[in-house]
Amino acid sequence: MTSSQLLEVFQEAGRVVNVEVVYDRVTDRSRGFAFVTMGSIEEANEAIRMFDGSQVGGRTVKVNFPEVPRGGEREVMGPKIRSSNRGFVDSPHKIYAGNLGWGLTSQGLRDAFADQPGLLSTKVIYDRNSGRSRGFGFISFESAEAVESALNAMNGVEVEGRPLRLNLAAERASSPPPVQSNAESSPEGSELASSITA
DNA sequence: CTTGAGCGC
């Protein structure tokens with residue numbers, strides 16, 4: 001598969017800025033994948049929608065956004081992360097966001113939530129060893145009301161072509177989990193105990 | 001090993 005053939009195929013999805021087939025340095029053979037730069041996110045999404053899993057040149061191809069390079073968003077964003085990740089403003093009012101695209105950074109998350117009142121901070125979680133996004137993150141807010149309204153407004157909204165899966169974030173276990181061992185401490189405890197023995 | 005449920009260092 002040559003780059004001009006790829007160009008022809010991907011132009012059906014929109015404006016193709018660049019096509020780069022990756023060749024093996026020593027054997028000079030194609031490594032079987034390529035990078036196609038589309039004119040916009042929308043056109044990239046369209047290309048993915050149209051061609052991912054389809055037959056191109058007699059083979060089933062995978063088409064998606066490129067993997068985040070090792071080092072995670074540091075390499076993607078450079079010094080700009082100051083405002084997002086390193087200075088993540090924590091708060092008890094947090095949203096857990098899942099189903100994030102691999103290429104979405106903390107800054108990208110911030111952009112998506114920019115219109116939400118009371119927004120404090122966003123953070124995408126990266127694997128320490130591989131440097132790749134783990135596909136989820138957190139969004140902190142000033143108040144419980146702000147979390148509530150942002151969750152309602154943004155849940156299911158598509159970011160990078162994937163619907164956000166939003167939930168109230170679980171408490172971060174800073175101290176040992178409050179496990180009550182005896183039934184007396186809870187009014188429901190006696191009911192629970194009696195239902196077991198019954 | 002390109003991976004899709006999950007709760008961060």
Side-chain angles (χ1 to χ4, degrees), chain A residues 1 6 10 19-25 27 29-38 44-45 47-49 51-54 56 59-77 80-110 112-113 116 119-142 144 146-148 150-151 154-179:
Chain A
M1 194 100 204
L6 273 178
F10 275 77
V19 177
E20 191 178 344
V21 177
V22 179
Y23 291 94
D24 188 292
R25 281 215 133 91
T27 71
R29 285 191 37 176
S30 166
R31 290 180 60 188
F33 66 96
F35 294 100
V36 178
T37 306
M38 303 298 290
N45 277 318
I48 291 170
R49 196 189 61 74
F51 302 126
D52 189 26
S54 75
V56 176
R59 295 175 60 87
T60 304
V61 296
K62 302 172 189 172
V63 181
N64 44 35
F65 283 103
E67 175 187 333
V68 175
R70 281 185 161 257
E73 65 184 4
R74 263 166 308 196
E75 297 210 349
V76 175
M77 311 194 40
K80 255 175 70 181
I81 29 178
R82 261 183 278 285
S83 57
S84 50
N85 196 357
R86 188 150 58 262
F88 180 73
V89 182
D90 213 341
S91 138
H93 313 297
K94 267 186 308 243
I95 289 177
Y96 165 87
N99 199 37
L100 306 181
W102 307 117
L104 189 67
T105 63
S106 298
Q107 184 56 231
L109 242 198
R110 172 170 280 278
F113 280 81
Q116 301 307 313
L119 173 66
L120 281 181
S121 236
T122 60
K123 179 180 190 173
V124 170
I125 304 305
Y126 288 87
D127 183 84
R128 253 183 99 122
N129 296 119
S130 70
R132 296 182 315 189
S133 168
R134 292 181 59 185
F136 69 90
F138 297 92
I139 305 113
S140 62
F141 288 86
E142 291 174 352
V147 176
E148 178 78 14
L151 200 152
M154 297 297 293
N155 198 17
V157 170
E158 289 206 358
V159 176
E160 273 195 7
R162 299 185 137 264
L164 289 172
R165 297 188 156 173
L166 268 35
N167 268 302
L168 291 175
E171 338 284 325
R172 190 134 62 131
S174 49
S175 48
V179 170

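Residue numbers begin at 1 in each chain, while the letters A, B, ... track the order of the sequences. Small disclaimer: the values here were computed from a predicted structure and weren't measured.
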| request: Would you kindly give the CG-to-P distance between A:N129 and B:dT3, to the nearest whole Å? | output: 20 Å
| task | Measure from CG on A:D127 to P on B:dA5 and round the result to the nearest Å. | result | 17 Å
| field | side-chain hydrogen bond (donor to acceptor under 3.5 Å, both in side chains) pairs, two or more places apart, involving residues 89-98 of chain A | value | A:D90-A:K94, A:D90-A:R172
| Which part of the nucleic acid, if any, lies within contact of A:I95, taking any heavy atom under 4.0 Å across all strands shown: a base, the sugar-phosphate backbone alone, or nothing? | nothing
| query | Are the side chain of A:N99 and the backbone N or O of A:R165 linked by a donor-acceptor pair below 3.5 Å? | reply | no
| query | If you pin A:I125 and A:N64 to their nearest nucleotides in DNA chain B, which one's is more 5'? | reply | A:N64
| request: Grab the CZ-P distance between A:R162 and B:dG6 for me, whole Å please. | output: 15 Å
| request: Hey, which sits more toward the 5' end of DNA chain B by its nearest nucleotide, A:K94 or A:G101? | output: A:G101
| request: Check every strand shown and say whether A:G135 touches a base, only sugar-phosphate, or nothing at a heavy-atom separation below 4.0 Å. | output: base
| field | Shortest non-hydrogen contact from A:S121 toward A:R110 | value | CA-NH2, 3.5 Å
| query | When the distance from CG of A:L100 to C1' of B:dC7 is rounded to whole Å, what number comes out? | reply | 12 Å
| said: Please check this pair: side chain of A:S140 against backbone of A:V89, looking for a donor-acceptor N/O pair closer than 3.5 Å. | reply: yes
| said: Quick test of the criterion, 5.5 Å between centres and less than 30° between planes. Is A:W102 stacked on B:dT3 or not? | reply: yes
| field | Euclidean distance, atom CD1 of residue A:I139 to atom P of B:dG8 [Å, nearest integer] | value | 15 Å
| said: What is the separation between atom CZ on A:R132 and atom P on B:dG6, rounded to the nearest whole Å? | reply: 19 Å
| said: Should A:F136 be counted as stacked on B:dG8, where stacking needs a ring-centre gap under 5.5 Å and an angle between planes under 30 degrees? | reply: no
| remark: Among B:dC7, B:dT2, B:dG6, the one nearest any side-chain atom of A:R134 is B:dG6
| request: Please tell me which of the listed nucleotides, B:dA5, B:dG4, B:dC7, lies nearest to the side chain of A:R165? | output: B:dA5
| request: Return the set of residues passing side-chain contact (heavy atoms from CB on, under 4.5 Å) with A:V159 (not counting sequence neighbours), or none when no residue passes. | output: A:L104, A:A112, A:L164
| Quick one: A:R128 CZ to B:dC7 P, roughly how many Å, whole number? | 19 Å
| remark: To the nearest angstrom, the CG-P distance between A:L164 and B:dA5 comes to 16 Å
| query | Of the nucleotides B:dT3, B:dG8, B:dA5, which one has an atom closest to the side chain of A:K62? | reply | B:dT3
